[in-house]
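Note sheet for the following structure.
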2 protein chains.
Amino acid sequence: MKITLTVSRALADGNRIRAVAALMRHDELCVCQVTELLGLATATVSRHMSILRDAQLVQSRKKGRWVYYRLSSDLPDSLSAWLGESLAGSPEIEADRSALDDILACDPEELCRSQRITRPNEQPKVKD
Amino acid sequence: MKITLTVSRALADGNRIRAVAALMRHDELCVCQVTELLGLATATVSRHMSILRDAQLVQSRKKGRWVYYRLSSDLPDSLSAWLGESLAGSPEIEADRSALDDILACDPEELCRSQRITRPNEQPKVKD
DNA sequence: TAGATAATTAGCATAATATCGAAATGACTT
DNA sequence: AAGTCATTTCGATATTATGCTAATTATCTA
């Protein structure tokens, strides 16, 4: 029951479902791209993704400073079938689809930079 | 996304998963039988079952004073396939299976009576 | 080596959920 | 009609989840 419960809990959040749905369309997405899609703080998205990873729904790959997520290779067919069926025609997911096209058209570096600017964490950061 | 989310939330609880698993083996179960299986207060079980019903995972049928639950007739095949696979071999569900056999061997009336006795709600209940 | 940068982790406030006992509801039985 | 009984609803409390900012980690680059 542990797996069933962990997976169900992982999917029991709208933002995480949106992230999974995005990964069903696009092989790989960077954290900053998911962040842009969901409009949340980077830290929040990072935690959502780690919840999905703990549930074995997604895998991550580190490339330099970026971390890319993709659907888990051993995602059960039945589960992805259900997700595909139940999400079909959803207006939120539909909207995300075109939003993602715009996001993917941008350079990831550009994306991260604009995220830093619009959400300025830029305190002087005095060290002691 | 609404359906996906509602269903995932409904399954994001161990007790509700156990109830669904029980209904995958037995056509119909009365609230008092599920209560006995889960070892919770009747009110709590009633609430769990209504959450499952709101998510369209189960249906209910009222017969006299008893309410019987069964899996929804239009439960997606993909979903029940995933549940079947991911729950297969689970020790908790396995244990529930034999517990249910014992429970079903009892007369429902007997069951309800013993629940009243072991959890005595029996205050004098003075009216004003 | 020092600074910049993408992501993660930690700490905290708020919102949602689970659970219970008590009271209310609807249905049978005298 | 009144009582009994299975279930549901209500109100309160405790736990869990989500979101933020700040701090930390890991990696690149000047």
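Chain letters run A, B, ... following the sequence lines, proteins first, then strands; residues in each count from 1.
Checking D/dT27, C/dT9, D/dT4 against the side-chain heavy atoms of A/Ser46 singles out C/dT9 as nearest. The listed nucleotides are C/dT8, D/dC20, D/dT7; the one nearest the side chain of A/Thr44 is D/dC20. Closest contact between the side chain of A/Ile51 and the listed nucleotides D/dT21, D/dT8, D/dT18 involves D/dT18.
Put simply, the side chain of A/Thr4 does not reach to within 4.5 Å of the side chain of B/Ile93, judged on heavy atoms. B/Leu57 places a side-chain heavy atom less than 4.5 Å from the side chain of B/Leu79.
Listed by first then second residue, pairs satisfying salt bridge (charged side-chain N to carboxylate O under 4.0 Å, His left out) with a partner in residues 46-68 of chain B read B/Glu28-B/Arg61, not counting sequence neighbours.
Using modelled atom types, one side-chain atom of B/Thr35 and one backbone atom of B/Val31 make a donor-acceptor pair closer than 3.5 Å.
Distance, B/Met49 CE to D/dT9 C1': 17 Å, rounded to whole Å. Nucleotide D/dT4 holds its C1' atom 7 Å from the CZ atom of B/Arg65, rounded to whole Å. The distance between atom CG of A/Leu29 and atom C1' of C/dA6, rounded to the nearest whole Å, is 16 Å. What separates CG of B/Leu38 from P of D/dT7 is a distance of 13 Å, to the nearest Å. As a whole-Å value, the separation of B/Tyr68 OH from D/dT7 P is 8 Å. The interatomic distance linking B/Leu40 (CG) with D/dA6 (P) rounds to 18 Å, in whole Å. When rounded to the nearest whole Å, the span between NZ of A/Lys62 and P of C/dT5 equals 17 Å. Atom NE2 of A/His48 is separated from atom C1' of C/dT9 by 15 Å (rounded to the nearest Å).
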Side-chain atoms of residues 17-27 of chain B: list all donor-acceptor pairs with protein atoms under 3.5 Å, sequence neighbours left out, distances to 0.1 Å.
| residue | atom | partner | partner atom | Å |
| --- | --- | --- | --- | --- |
| B/Arg18 | NE | B/Asp96 | OD2 | 2.7 |
| B/Arg18 | NH2 | B/Leu37 | O | 3.3 |
| B/Arg18 | NH2 | B/Asp96 | OD1 | 3.0 |

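Of the residues in residues 2-13 of chain A, A/Arg9, A/Asp13 come within less than 4.0 Å of DNA chain D through at least one heavy atom, sorted by number.
Residue B/Arg47 has no polar side-chain atom (N or O) positioned under 4.0 Å from OP1 or OP2 of C/dT17. Side-chain N/O atoms of B/Tyr69 include one lying less than 4.0 angstrom from OP1 or OP2 on D/dT8. The side chain of A/Arg16 places no N or O atom within less than 4.0 Å of a non-bridging phosphate oxygen (OP1 or OP2) of D/dA17.
Annotation for B/Asp101: atom CG counts as buried by contact number, over 12 foreign heavy atoms lying within 6.0 Å.
Rounded to the nearest 0.5 angstrom, B/Glu85 CD and A/Ile3 CD1 are separated by 11.5 Å.
Residues B/Val45 and A/Ala43 both approach DNA chain D. Their nearest nucleotides, taken by heavy-atom distance, put B/Val45 toward the 5′ side.
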